[in-house]
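Order of listing sets the numbers, starting from 1, for every ligand and every atom in it. Since we're looking at a predicted model, the values are computed, not measured. Index from 1, following the sequence.
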Amino acid sequence: MSERRIPLAEPSLEGNVGRYLQECVETNFVSSVGPFVQRFEEELAAKVGARFAVACSTGTAALHVAMRLAGVDSGDDVIVPTMTFIASANPVLYERAAVTLVDIEPRTWNLDPLLVVEELDRRARRGLRQPKAIEVVHVLGHPVDIDPIVVACERHGVFLIEDGAEALGATYREGRFAGKHVGTLGRVGCFSFNGNKIVTSGGGGMIVTDDEALARRAKHLTTQARLPRVEYMHDEVGYNYRLTNVAAAIGVAQLEKLDDFVARKRRIAARYDDALGDVAGIGLAARASFADPTFWLYTITVDPERFGCDATTLRLHLAQRGIEARPIWTPLHRMPMYAGASRLGGHVADAVYERALSLPSSVTLSEPDQRFVIETLIARGTR
Ligand SMILES: *Cc1c(COP(=O)(O)O)cnc(C)c1O
């Protein structure tokens, strides 16, 4: 066993984290009241170019509130990609609505926009009820091909939610959304600051929107739907989804590092691209020309015939040498809660699931460590 340990994605607390935490202690603002929460909201909104941001306790909480903002209720369905982290879909079930799972496209590994557009048009032609919302997920730091979806949502009056949990810092390069940040093209966008994300607040989430009424309602729902000025009067069922001042303090300091972290992730991706581009049976991380992805987790595909072993064998080979690699999420339609869900499209997600492997992508990954990952990986292949 090697002494070296190279994690998949660990946080880096460089910068002002310590200073801001000290400030929380000195001012005695450690809980849900304190100046860092508002500062985090304002700075995140400015960073992504949204008018409003509402802090939440987790990214999952942010998505749950998004479902409430969309009015998702029992009897409704919400379109969600079948290949994503489970937290993208569960909030639909929290509201007792149904999930309609859509396959992904090979170019970006994000939901296939043509399938979504076709489905909305088909339902309109037949006079069927439209989904209450479409939730796109910008997986692994790569923006969704969102333009056709925005158009279709406008045409059919469907509420568009963006799960940007893995893609903070990712933008569009081409088309009418050139320069725009993920999370700002739907009615609401959600982000996560969990420990493995590109920036962390220890744990946390954020809802962004340009719609003031939605922002106000999001704040209301995250704070137990308590009415101001009246003693403990609540006008609907809300949640305690607030972010603490301590978490927000970490978040503010991390946000100051975001541009630097994105640049580092892109350099790591460029090195993997260079080193693995010619390796037989290895497919490079998905990338479409319309986007500037962050490569939050650099994820390859392994063709067992051409490479010499499958993704699982390669993962175990790397693990024996202290290198943490990770399979991609099991497609949702293979899980008991979603096995009965309606589905759109084919089996691209299943094919990607069989072959995908995420490689170490921490912003702290050193060049020698990355070289070690690359050499260890190549050594297991046929050439
Ligand atoms: C991490 C993640 C979430 C949930 O965020 P938490 O802060 O962990 O609740 C939601 N969606 C996706 C795609 C994620 O990767």
Is it true that atom CG of N28 has more than 12 heavy atoms of other residues, nucleotides or ligands lying nearer than 6.0 Å?
no

Just by distance, do the side chain of E41 and the backbone of A55 share a donor-acceptor pair under 3.5 Å?
yes

Looking at atom 9 (O) of ligand 1, what's its closest protein heavy atom, distance included?
T60 OG1, 2.5 Å

Which class fits the ring pair H181 and F191: parallel under 30°, tilted 30 to 60°, perpendicular over 60°?
perpendicular

Does any N or O atom in S192 lie less than 3.5 angstrom from one in ligand 1, N or O only?
yes

Per-residue contact class, N196 against ligand 1 - non-hydrogen pairs under 4.0 Å:
neither

Is G59 in polar range of ligand 1, meaning some N or O pair under 3.5 Å apart?
yes

From the list L120, V80, I161, side-chain contact (heavy atoms from CB on, under 4.5 Å) with I134 holds only for L120

Which label fits Y239 and Y241: parallel for a plane angle under 30°, tilted from 30 to 60°, or perpendicular past 60°?
parallel

Proximity of H64 and Y94 rings by center, below 6.0 Å:
yes

Contact between A61 and ligand 1, counting heavy atoms under 4.0 Å?
no

For ligand 1, which atoms sit closer than 4.0 Å to a heavy atom of L63?
10 (C)

Side chain, backbone, both or neither: which part of D163 comes within less than 4.0 Å of ligand 1 when only heavy atoms are counted?
side chain

Which of the numbered atoms in ligand 1 are below 4.0 angstrom from a heavy atom of G204?
7 (O)

Measure from NZ or CZ of R39 to the centre of the six-membered ring of Y20 and say whether it is under 6.0 Å with the direction within 45° of the ring axis.
yes

Would you mind listing which atoms of ligand 1 come within a distance below 4.0 Å of any non-hydrogen atom of A87?
3 (C), 4 (C), 10 (C)

Looking only at heavy atoms of S88, does any of them come nearer than 4.0 Å to an atom of ligand 1?
yes

Short list, please: which atoms of ligand 1 are under 4.0 Å from a heavy atom of T84?
13 (C)

Do the ring centers of F40 and F193 come within less than 6.0 Å of each other?
yes

Run down the list E166, M206, K197 and name the one with the heavy atom closest to atom 2 (C) of ligand 1.
K197

Mode of V137 contact toward ligand 1 - side chain, backbone, both, neither (heavy atoms, under 4.0 Å):
side chain

Residue among R343, R129, R123 satisfying salt bridge (Lys or Arg N to Asp or Glu O under 4.0 Å) with D77:
R123

